[in-house]
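Computed from a predicted model, the values in this text were never measured in an experiment. Here is how names work: the chains are called A, B, and so on, in the same order as the sequence lines, proteins then strands, and each is numbered from 1.
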Amino acid sequence: MNFKEQFILNFVTDNRWTNITTGLIHTIIITICAALIGLVLGMIVAAVRTTYDKNCESLKRRGGLGYIIMTFFNAVCKLYLTIFRGTPVVVQLMIMYYIIFASAKNGLGVAIIAFGINSAAYVAEIFRGGIMSIDNGQFEAGRSLGFNYIQTMMYIVIPQVIKAILPALLNEFIALLKETSVAGYVGITDLTRGGNIIRGVTFSAFMPLIAVALIYLIMVVCLTKVVGIIERRLRKSER
Amino acid sequence: MKDNALIEVKDLKKHYKNGAVKALDGITTDITKGEVVVVIGPSGSGKSTFLRSLNLLELPTSGSIMFDGEDIAAPHVNINKHRQKMGMVFQHFNLFPNMTVLKNMTIAPMKLKGLSKEDAEKKAMELLERVGLADRAEAYPSQLSGGQKQRIAIVRALCMEPDVLLFDEPTSALDPEMVGEVLDVMKKLAKAGMTMVVVTHEMGFAREVGSRVVFMADGVIVEEGTPSEMFDSPKSERLKSFLAKVL
């Protein structure tokens, strides 16, 4: 079989290309939704962790419920980070699908939640690292002007943090895009599985898998370009 | 208790590691309105800790700090309200690098006092005029020299119209030729009647501008008095040997 016949067999016959497009759409949906969950949840976890680290002493001094609550939430967040960064995302996905949401019919939804919660753990550490990298003098300057802790964070620290971590954050989302390729384990037709379905029918591996790889590559290269442009912009504004 | 005392510090202690390290070991002093208190002493004597305790950037272990009719060292005090009236100038300036000079100065008055942008900027420009930096209003901190940064830091604190200004070694991070311009601004402020507490190694400034000099060592006030008492006829051995080294 020559190249043309191969191509027709793998993509044109029986509209087999739709496996790829359906998969691509699912991959993109999972990535975007999981990234949003990751961003929001990650910020919350980072906020708890840094608030505890930075205010531990004054909370302890005030005593009472505030300190106990913060200590509790901080411990929960730490446990969460340990578990979700310490186990493979495929295992987490399968546990979510077959155990926690065993009765759920919507595989896509479960995958979004699983990847979102997993990504949040990494986003949280990126945020925390960013906040910790800001010189303590910036906090003190904000507090000495009379801003409370939250105001100091909102007006002084977070704008500097976002600038510092934006490239790392976007890279995390690029990694997330590639990680969603294991969604096939729980029966979702994502891009990878779409290609694999074609392979299963045509018994020819080359075309569908290379096509899948190329599509991932194009998406990642484009996103990396975007990160590069943003990075350069940020550096420029630093003067 | 004096009527015109602005800050009354009573038996202030700051211990670390469950009392193994005593950064402050019972400081009692009053800071009067319009006074320029200069705190001197060897490094590790607790003078910076003392200054930073006054606006609770360091949390004291025990003791009281009366300010504005309230013991601000007590737990459950809204320290943010009080800090608005206690400006602070840091050794490393701590300007916000992502904001212009003008934004650095107006953000606190706008967000905390509800000043309009126009009013805040008008006030900021007046202050910049006073320190000769009006032309740098739109500059970013990274474009300024150390001396300029510190002068901006001083006027940033002044934008909140504080009752007292705390200076934590304001000239220690500066190149020698820039120390003068910062001290000049501080002198002008002192002349204008600003209450100031200054931790510094600039003995010339202490002698010339200070209305009272406090000598600290090992977390306690060893000796205090007018500049001439302190520099011309020191009583304690600690102060004598300190002055012999630094003068």
Side-chain angles (χ1 to χ4, degrees), chain A residues 51-71 127 130-167 230-239, chain B residues 16 51-52 54-62 73-100 103-113 139-144 152-153 156-162 165-166 168 173:
Chain A
T51 303
Y52 178 82
D53 285 353
K54 293 224 168 253
N55 295 323
C56 178
E57 196 188 352
S58 77
L59 280 169
K60 207 173 192 173
R61 196 161 162 275
R62 280 166 174 250
L65 215 56
Y67 179 65
I68 297 166
I69 291 172
M70 277 311 293
T71 311
F127 259 98
I131 293 169
M132 288 304 176
S133 76
I134 302 295
D135 178 28
N136 204 38
Q138 295 289 315
F139 283 94
E140 292 190 340
R143 298 304 302 270
S144 78
L145 285 167
F147 288 118
N148 63 30
Y149 176 75
I150 292 171
Q151 288 169 326
T152 306
M153 279 301 208
M154 296 274 287
Y155 299 138
I156 314 288
V157 179
I158 298 293
Q160 297 182 45
V161 169
I162 288 182
K163 225 175 118 173
I165 66 167
L166 203 53
I230 290 171
E231 252 181 335
R232 240 170 295 137
R233 284 251 176 92
L234 290 177
R235 229 178 292 140
K236 233 183 248 167
S237 74
E238 253 162 38
R239 291 150 210 263
Chain B
Y16 294 101
L51 190 81
R52 290 162 53 81
L54 291 180
N55 69 351
L56 259 61
L57 284 184
E58 295 289 344
L59 294 169
T61 311
S62 68
H76 303 292
V77 167
N78 181 2
I79 188 62
N80 303 312
K81 265 268 159 290
H82 295 294
R83 278 184 182 143
Q84 292 183 23
K85 296 180 186 169
M86 301 174 126
M88 184 148 196
V89 176
F90 300 87
Q91 182 177 357
H92 296 288
F93 331 124
N94 297 351
L95 295 177
F96 308 132
N98 54 335
M99 303 177 193
T100 61
K103 189 86 202 294
N104 260 282
M105 295 173 68
T106 54
I107 185 164
M110 281 168 63
K111 303 282 186 197
L112 292 170
K113 287 187 159 178
Y140 282 86
S142 59
Q143 301 167 312
L144 303 173
I152 298 294
R156 177 176 70 179
L158 286 175
C159 271
M160 288 299 285
E161 301 179 320
L165 265 187
L166 312 175
D168 191 3

Side chains of A:Q151 and B:N80 in contact at under 4.5 Å (non-hydrogen atoms): no
Most chain B-contacting option - heavy-atom pairs closer than 4.5 Å, from A:Y155, A:Y149, A:F139: A:Y155
Closest-packed option against chain A by number of heavy-atom pairs under 4.5 Å, given B:R52, B:M160, B:H76: B:H76
Contact origin within B:P141 toward chain A - heavy atom pairs under 4.5 Å: neither
Worked verdict on A:L145 versus B:R156 for side-chain contact (heavy atoms from CB on, under 4.5 Å): CA-CA 9 Å; A:L145 285 167; B:R156 177 176 70 179; 4.2 Å; yes
Closest heavy-atom pair and its distance - B:Q84, A:G146: CG-CA, 3.8 Å
Engaged part of A:N136 at the chain B interface, taking heavy atoms whose separation is under 4.5 Å: neither
Residues, nucleotides or ligands: over 12 heavy atoms within 6.0 Å of A:M132 CE: yes
Residue-level contacts of residues 103-111 of chain B with chain A, using a heavy-atom cutoff under 4.5 Å: B:I107, B:A108, B:K111
Interface residue of largest heavy-atom contact number with chain A, from B:A157, B:A153, B:P97, B:P75, under 4.5 Å: B:P97
B:K85, NZ atom: more than 12 neighbouring heavy atoms under 6.0 Å: no
Straight-line distance of A:R143 CZ to B:M88 CE, nearest 0.5 Å: 13.5 Å
B:N55 side chain to A:S144 backbone, donor-acceptor under 3.5 Å: no
Contact origin within B:L95 toward chain A - heavy atom pairs under 4.5 Å: backbone
Residues that B:N98 engages under side chain to side chain contact (heavy atoms under 4.5 Å, CB included), provided they are two or more places apart: A:P159, A:Q160, B:F96
Crowding at NZ, B:K81 (>12 non-hydrogen neighbours, <6.0 Å): no
